[in-house]
Amino acid sequence: MFEELDDYRNKIREFALKEFTEEVAAEYDRKESYPDYLRKKSLSLGIVDMQNPAKVLIAIEELCRVDAGLGIALTTPYFGSEVIMLFGNDKQKEILNDVYRGKYILGLGVTEPSGGSDVAALKTTAKKQGNKYILNGSKMFITNGAIADYLVILARTSEDSNPHHGLSTFLLNTKSKGFSATKLEDKLGVRATNTAELQFNNIELSEDDLIGEEGKGFYYIMMFFNISRIYVAAQSIGIARGAFDKIKSYIKENNIKDEDSMFQLSDVGTRIEASIQMTYNAASYLFEFKPKPELTSMAKAYSSETAVFAAEEAMEILGDRSLYEDVQRIFRNAKIMEIWEGTSEIEKLVIARYILKGE
Amino acid sequence: MFEELDDYRNKIREFALKEFTEEVAAEYDRKESYPDYLRKKSLSLGIVDMQNPAKVLIAIEELCRVDAGLGIALTTPYFGSEVIMLFGNDKQKEILNDVYRGKYILGLGVTEPSGGSDVAALKTTAKKQGNKYILNGSKMFITNGAIADYLVILARTSEDSNPHHGLSTFLLNTKSKGFSATKLEDKLGVRATNTAELQFNNIELSEDDLIGEEGKGFYYIMMFFNISRIYVAAQSIGIARGAFDKIKSYIKENNIKDEDSMFQLSDVGTRIEASIQMTYNAASYLFEFKPKPELTSMAKAYSSETAVFAAEEAMEILGDRSLYEDVQRIFRNAKIMEIWEGTSEIEKLVIARYILKGE
Amino acid sequence: MEEENNILRETVAEFCEKNLDEKKIETDGIDKKLTQLLAEQGFLGCAIPDKYSGSGLDETSYEIILEEIAKYSPTVAMRIFVLNSMYYPAVNGTAAEETLKDASTGKINIAVDFINKKTGNESVSGKIKGTLKNILGTDADKLVVFNDGTSLVSGPFKSESRDFMGFRGLKFGDLFLDNSVQVLDKSNRLSEIMEKAYGPASAIALGMIASALQKAIDYTNVRKAFGSQLRDFEPVSFRLARFRSTEVILRNSLYGKVDPYYTFNFAMEHLVEIARYSVNTHGGYGYFKDFGVEKFYRDAIVMKSIFYGTEELRKLTDHVYSEKINFI
Amino acid sequence: MEEENNILRETVAEFCEKNLDEKKIETDGIDKKLTQLLAEQGFLGCAIPDKYSGSGLDETSYEIILEEIAKYSPTVAMRIFVLNSMYYPAVNGTAAEETLKDASTGKINIAVDFINKKTGNESVSGKIKGTLKNILGTDADKLVVFNDGTSLVSGPFKSESRDFMGFRGLKFGDLFLDNSVQVLDKSNRLSEIMEKAYGPASAIALGMIASALQKAIDYTNVRKAFGSQLRDFEPVSFRLARFRSTEVILRNSLYGKVDPYYTFNFAMEHLVEIARYSVNTHGGYGYFKDFGVEKFYRDAIVMKSIFYGTEELRKLTDHVYSEKINFI
């Protein structure tokens with residue numbers, strides 16, 4: 001499934017090396033803004049092909065390998081699209097096509113200020129009034145929040161003793177009255193991506209804005225996370241490989257031969273290899289519609305820790321050289337991998353649950 | 001390559017569960033002796049099929065999962081056979097066939113008392129005198145050393161400034177005059193296997209006993225290690241899975257639900273999954289005659305550390321329950337994985353060398 | 001004070017060097033003669049008051065003795081620990097405290113069932129019946145058990161010894177009870193006794209760490225590989241040097257002013273890793289009993305498994321979260 | 001003595017609470033007013049003798065100041081460290097020691113190029129020319145550089161500042177030299193100076209560890225997740241409790257009798273892990289500057305990267321292998 005895509009992989013790598021120069025990467029990192037021209041360019045060159053998940057995985061990996069801030073910025077305007085693809089109505093799918101064509105930017109609003117990983121505890125409501133839903137509440141740490149044209153939003157549509165019930169997904173036009181987004185600044189890393197806090201103040205949604213069935217939102221989102229986690233694993237592998245590239249160059253350029261450095265090189269290389277094998281194995285089940293969520297969670301948890309490990313090793317091995325912008329940027333970008341799309345803590349609970357169920 | 005062998009895997013598992021009862025495993029562990037009746041039984045039932053390396057891998061894994069002492073005892077009478085298979089003459093291959101049929105037990109003598117992992121430093125000599133070679137020296141930690149009928153021996157046949165040159169492999173009949181073996185006792189684990197120190201005192205070898213070409217022994221052995229390491233990875237996976245089985249049963253039987261235990265369960269499971277993916281990936285290259293030694297070394301180093309990690313976790317999670325023979329035996333068996341067929345330290349240097357070469 | 005401690009340390013080390021052959025102890029156990037010797041030197045009941053024929057030493061002296069003895073024989077250190085840190089507080093102040101005299105002088109062997117933590121064998125009308133599995137010290141004359149309360153069972157015991165992975169010199173196995181029992185306390189005091197024993201338990205761990213590590217360092221100084229000394233192979237020597245930091249810091253914590261909760265946690269967190277790596281350092285030799293290294297790895301994992309788990313971590317965590325932190 | 005130390009600790013903490021706004025310092029740097037304030041309080045030149053307008057405090061007091069300040073502002077602690085532990089020993093006893101007066105009173109800024117370790121810019125006939133990259137403190141008036149020798153370069157400097165990942169309040173960037181230079185010592189003294197600074201460097205690391213960890217513990221006490229407090233989620237609280245052990249043990253080592261080689265190694269080994277996990281504990285909030293957590297992670301990795309590597313590990317290892325071990 002993946003081996004045949006070597007040419008595609010090379011094409012992505014070339015694009016990233018050409019466009020994600022140190023100057024561009026440093027600039028967007030410094031000014032913490034979204035590189036929209038690169039999004040457009042990537043679309044015109046066919047860099048992102050959302051119809052082919054294997055290609056998406058490879059694109060994410062190779063782009064993030066060169067710069068994760070720009071890499072994620074380019075592959076995230078479609079964030080949440082799987083929810084629409086799987087459960088959306090025709091009108092929503094039309095909007096999705098415009099997203100794919102670059103006309104719109106999409107985003108996904110699940111996390112709330114008080115909620116974090118605890119999705120079922122969310123407080124945003126979409127109360128039905130006649131044939132409308134009235135959306136109220138707030139969302140936190142929403143990628144593309146302040147630049148998206150549309151957002152897939154999870155909100156509570158009815159009270160239920162089971163907190164997993166009564167949640168629904170909507171496709172929200174950010175031009176709607178009552179919507180406001182505040183860009184969150186001073187992130188540690190991935191600063192070319194946009195992150196925002198959202199406020200919903202009596203936003204009117206029509207029944208057509210509901211994605212799929214009412215009350216099934218929690219399950220749609222969990223299903224989505226099973227997909228998106230594999231993409232975070234790919235981001236992580238990209239970052240780890242980027243750090244590894246720096247370590248290898250440094251060792252070669254300085255003709256380093258001491259055995260302790262060789263051990264560090266070997267440890268990073270081995271962890272990356274393990275991340276790759278786990279991720280591509282989990283992805284092959286997922287993309288053949290036979291998902292094994294525990295394998296996806298393992299791949300995400302392990303790869304994200306590998307990204308952080310590799311980035312820290314690069315900092316330490318390069319010592320004072322690590323203070324240059326490129327390496328320290330890798331370090332700052334890596335950390336979010338362990339946090340978003342389910343912290344490592346959440347992944348581990350998911351994994352344990354499946355392990356015990358699987359017997 | 002491996003998925004189609006599920007039936008075979010089940011057959012091995014059944015055999016191991018039936019034959020490697022707690023009583024048998026504990027008995028051979030306690031008396032530190034070789035279970036020859038099980039070797040014969042395993043051959044008669046077709047448990048070990050040396051013609052099919054994928055099957056060997058699976059057999060090792062499933063046998064060691066139930067008990068590594070017995071599992072290794074049953075899969076190691078063929079140790080060194082690949083050297084003969086690849087480089088041996090007809091007479092030697094005939095002997096090998098008898099090994100496969102269970103008539104003889106084979107072993108491999110490389111390590112020396114002063115040498116450890118430093119193969120090229122070996123001191124055993126096979127000096128040519130006329131059309132004979134006179135073997136002198138000693139070997140250490142030789143598996144099957146005191147029970148083998150034949151041993152593949154690495155010895156120095158000529159001095160060379162490059163220590164990798166001038167080494168040759170021989171097939172030694174242990175009934176030869178001048179051969180003596182002393183069983184080494186009080187091993188920490190894998191006590192159903194036989195380990196010995198060998199002495200060679202002016203043993204006469206004929207030219208027919210030379211395996212392959214004179215002077216190429218080092219390379220034959222390195223090639224062999226590239227194969228045998230994958231089997232150690234499989235032993236390690238077996239041990240880790242055996243430990244994992246104990247952890248899972250304990251958690252279920254005692255209805256343990258605390259999150260810290262779930263984390264430990266998840267960590268062990270994830271490392272095992274990584275070991276499996278790396279090992280089977282490396283094996284698929286190896287068994288298709290496109291070996292990638294760095295992947296094999298990664299698989300060996302990572303899986304062996306996983307075996308030790310899983311065994312220690314089982315001890316700690318089970319707490320006082322871990323004092324029962326079965327779990328503590330797993331713990332004692334695990335450690336050798338990091339030591340034999342190249343310590344983790346050696347593997348890491350091999351990995352680093354290939355990483356730097358591969359660019 | 002410090003000088004006194006150094007003299008004690010040297011005295012104990014000399015004694016150990018002369019009298020403790022751990023390989024023999026692992027095979028034959030702690031025999032009558034050795035027990036007698038330990039009692040004569042005042043090591044056996046070192047932290048038990050004079051009036052019970054102990055040496056009445058302070059905590060620091062007691063821990064020095066445990067540390068030094070554990071370097072040579074974790075088994076012997078564990079026997080002393082069980083008597084002084086578990087048996088003594090269990091019987092002290094009860095009618096059974098008179099047994100301490102015989103225990104301190106080595107006339108009787110004692111055991112404490114701290115492994116099972118809570119036995120299901122309830123004592124009924126002065127008798128206790130049933131099987132007690134996994135007893136460390138099946139050769140005991142008196143045994144403290146914890147059930148709803150804390151009780152003393154009097155031998156002789158019918159027992160079946162089994163091989164034990166760690167502390168092999170202590171007889172390990174199952175007891176078949178049909179013995180008289182005496183309630184020492186209505187509450188199960190194990191947890192409280194264990195908490196007070198954090199320092200001494202850490203001292204044993206420290207001795208094991210010091211000894212395993214020293215063996216590894218010594219080995220790297222004599223062993224050659226790939227044409228140079230093993231110590232010149234930096235991934236190994238760096239790691240051993242870092243372990244030495246750990247050892248020195250642990251020792252300073254133990255004998256310094258650090259809360260034993262922290263010292264104990266620190267000791268347990270590092271014990272197994274250092275013992276394991278000492279085996280690694282020795283290559284194939286590390287796997288054989290003769291080299292005296294693998295035993296530390298066995299003892300280490302047993303010690304961690306029975307002394308340290310979720311329960312102890314909960315105690316530590318409660319301790320941390322309830323502490324007043326002098327920090328704004 | 002201990003009481004005095006506690007009073008000093010409280011005094012510094014009060015000062016920090018009132019005067020150190022690390023978020024502002026990260027953006028604006030350490031301004032003249034703050035420098036003045038630090039000098040007035042005697043913190044700036046705290047370990048420099050009175051005769052050079054320093055406070056002449058002992059090592060312990062100096063380390064307490066660094067630890068407490070680092071809890072609030074690693075940047076400020078680093079500035080004090082560079083002056084007292086690097087600049088002072090470099091110029092002490094040389095003709096340049098008079099510059100200490102202005103440095104201790106905050107009249108001039110100083111910097112020490114300890115990052116490059118050895119500059120290729122050799123001084124020729126009283127002048128030094130060329131570019132010095134990666135200088136922490138481009139706003140310095142005087143700069144110590146290490147090449148074949150140890151030299152003092154006098155400003156003003158032409159410089160270009162760049163963003164820096166850690167210790168952001170210190171101006172970081174490149175200097176373009178065409179300045180007068182004065183040889184302080186014919187040998188490169190960096191390594192020797194660094195070794196003597198292990199204690200103070202550990203004090204900064206300790207302060208960072210304490211502060212990052214406290215933030216994480218505090219957060220787990222207020223944050224709810226899945227219907228209960230985050231602290232009830234044991235994998236998190238257990239880990240934080242273990243980190244507290246590390247912190248307490250490190251503090252005891254630093255102010256106790258532990259060889260600074262070991263303390264420094266221990267501090268460097270744990271600094272990044274604890275800072276990293278503090279970020280993790282805060283979830284998404286940990287990733288944003290506002291919460292004041294991610295900065296410890298940045299500073300931690302910078303500190304480890306520039307202070308600790310193969311060279312320091314070699315020193316530690318030589319130290320361990322050359323030590324006489326009191327163990328038979």
- Message: Looking at chain D, which one of A:Arg321, A:Lys335, A:Glu338, A:Glu345 has the largest number of heavy-atom pairs inside 4.5 Å, strictly under?
- Response: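 That would be A:Lys335.
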
- Please determine, among A:Ile336, A:Asp320, A:Thr111, the option with the most heavy-atom pairs under 4.5 Å with chain D.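 Result: the option with the highest number of such pairs is A:Ile336.
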
Using a 4.5 Å cut-off on heavy atoms from C-beta on, say whether the side chain of [Y] contacts that of [X].
X	Y	value
D:Tyr285	A:Pro113	yes
A:Glu316	D:Ile301	yes
A:Arg332	D:Glu294	no
D:Asn280	A:Thr343	no
D:Tyr287	A:Trp340	no
D:Val279	A:Ile339	yes
D:Phe233	A:Leu349	yes

- Item | Shortest non-hydrogen contact between A:Lys187 and D:Phe288, atoms and distance |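 Closest approach of A:Lys187 to D:Phe288: CG-CE2, 3.2 Å.
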
- Approximate separation, where rounding is to 0.5 Å, of D:Asp290 CG and A:Leu184 CG: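 Atom-to-atom, D:Asp290:CG and A:Leu184:CG are 9.0 Å apart.
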
- Query: When rounded to the nearest 0.5 angstrom, what is the spacing between CD1 in A:Ile256 and OG1 in D:Thr310?
  - Reply: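 Reported value, rounded in 0.5 Å steps: 7.5 Å.
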
- Task: Mind ranking D:His282, D:Lys295, D:Arg223 by heavy-atom pairs under 4.5 Å with chain A and telling me who comes out on top?
- Result: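 Heavy-atom pair counts peak at D:Arg223.
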
- For chain A, which of D:Arg298, D:Lys133, D:Lys304 has the most heavy-atom pairs under 4.5 Å?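 Result: the option with the highest number of such pairs is D:Lys304.
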
- Message: Please determine whether the number of non-hydrogen atoms from other residues, nucleotides or ligands lying under 6.0 Å from atom NZ of A:Lys183 exceeds 12.
- Response: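 More than 12 within 6.0 Å, yes.
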
- Query: Within a radius of less than 6.0 Å around CD of D:Glu160, do more than 12 heavy atoms belonging to other residues, nucleotides or ligands occur?
  - Reply: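 Counting other residues, nucleotides and ligands, CD of D:Glu160 stays at 12 neighbours or fewer.
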
- Query: Using non-hydrogen atoms only, which part of A:Ser344 is less than 4.5 Å away from chain D: side chain, backbone, both, or neither?
  - Reply: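 Neither part.
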
- Worked check of side-chain contact (heavy atoms from CB on, under 4.5 Å) between A:Arg329 and D:Met165: CA-CA 8 Å; A:Arg329 196 169 57 245; D:Met165 186 173 64; over 6 Å; no

Proximity breakdown for [X] and chain A, heavy-atom pairs closer than 4.5 Å:
X	result
D:Phe172	side chain
D:Lys224	backbone
D:Arg314	side chain

- Thinking salt bridges, do D:Arg276 and A:Glu312 make one under a 4.0 Å N-O criterion?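 Salt bridge between D:Arg276 and A:Glu312, a charged N being under 4.0 Å from a carboxylate O: yes.
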
